[in-house]
Amino acid sequence: MPELPEVETVRRQLLSAFQGDRIESVQAGNDSLFQNCTAEAFSRRLSGKSLKEISRVGKYLIFDCEDIYPVFHLGMSGIFLQDAGKSHYPQHIHLQFRMASGKALYYQDVRRFGKIWLHHQPPEFKHLGIDPVSGELRLGELRRLLSSRSANIKLFLMDQQSLTDIANIYASEILFEALISPFRKTDTLSGREVLALYSSIKNILYQAIDKFGTTYSAYQTVEGESGQNQNFLRVYQRHGQPCWWCAEPIRKVVLGNRSTFYCPNCQK
DNA sequence: TCTGACCTGCGA
DNA sequence: TCGCAGGTCAGA
């Protein structure tokens, strides 16, 4: 499940492997992934273009291919692979790029929640909030966002209008490290708690990027490897196991239709 | 603001 | 066989 650190890992690995390379041909097989063009048009328009740059806005990956900008959202299970032989689900490979260098790039999406667009100019994402791993998120800005409304803190962290969507695994981990209950309201946090939350957002997300993301189910890096961050999670999927700090069993509840993991003793 | 649908693999 | 996993968005 590619969340923000996984998407950033993918971006860095794609750039490292393919920046400057020219797309010789594209085979696209599944029209349902394409939001504003057909698979055939996607293939035709990208063939012959060079991959100059890849940027990320939230969980969107924007490829700069000269005068055309394919945009990918990986959804729940979208991954890029250099080697189709490392795919665990080759029947779900929907896109295949052949590059002038002789390399190949495959897009696999088991659940097909991913989305692909083709733009003629760099797209804007006005509906997205601040990227939490950019330098744009400062303590004062987080304090302003938290106090501007009275929302559940877990849902706030998963709301892409505020912080470009930190997503489920990391929202639980961030609240655990900050010792803040997932049931709290955003406008009830003390100055000390806001500071703890701010530090925790940075720590947890940068650690996840450093560990090449978290692998559950279908996620693999571009090189076909698993992420390493699942070995460092302290509450996610650990319900019933003792808390890292106090040994109280970790609990699981559903908030906003998503599983939420927390320590009822440490998180106030 | 909340809920359900989309989708497929996996484990109970 | 059924429920769960979860990002996003439309609709209630």
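Going from atom CG of L128(A) over to atom C1' of dG7(C) covers 12 Å, rounded to whole Å. Atom CZ in F156(A) sits roughly 15 Å away from atom P in dC2(B) (whole-Å rounding). If you measure from atom CG of D109(A) to atom P of dT8(C), you get 13 Å, rounded to the nearest angstrom. For the pair L255(A) CG and dG7(C) P, the interatomic distance rounds to 14 Å; values are reported in whole Å. Going from atom CD1 of I169(A) over to atom P of dA5(C) covers 12 Å, rounded to whole Å. The nearest whole Å value for the distance from the NE2 atom in H88(A) to the C1' atom in dC10(B) is 15 Å. One can place CD of Q35(A) at 17 Å from P of dG7(C), the figure rounded to the nearest angstrom. Remark: P of dG7(C) and CE of M158(A) are 6 Å apart, rounded to the nearest angstrom.
Contact annotation: K252(A) side-chain N/O to dC4(C) OP1/OP2 distance is not under 4.0 Å. Side-chain nitrogen and oxygen atoms of Q91(A) include at least one within less than 4.0 Å of the OP1 or OP2 phosphate oxygen of dG9(B). Using a 4.0 Å cut-off, some side-chain N or O of Y89(A) falls inside it from OP1 or OP2 of dC10(B). Between S77(A) and dC7(B) there is no side-chain N or O to OP1 or OP2 distance below 4.0 Å. For the pair K115(A) and dC6(B), the criterion of a side-chain N or O lying under 4.0 Å from OP1 or OP2 is not met.
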Verdict with supporting geometry, W117(A) and Y60(A), ring pair (Phe, Tyr, Trp, His ring centres under 6.0 Å): CA-CA 10 Å; W117(A) 297 261; Y60(A) 294 85; 5.8 Å; yes
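Checked by atom type and distance alone, the side chain of S147(A) pairs as donor or acceptor with a backbone atom of R144(A) at under 3.5 Å.
Both F113(A) and N257(A) sit near DNA chain B, but only N257(A) has its closest nucleotide nearer the 5' end. Sequence order on DNA chain B of the closest nucleotides to L155(A) and H92(A) puts L155(A) first from the 5' end.
In this structure, F97(A) has its ring center no closer than 6.0 Å to that of Y107(A). For F72(A) and F63(A), the gap between ring centers is short of 6.0 Å.
Side-chain atoms of R111(A) come within donor-acceptor range of the base of dA5(C), with a qualifying N/O pair under 3.5 Å.
What you find for V57(A) and L128(A) is that their closest heavy atoms are CG1-CD1, 3.6 Å.
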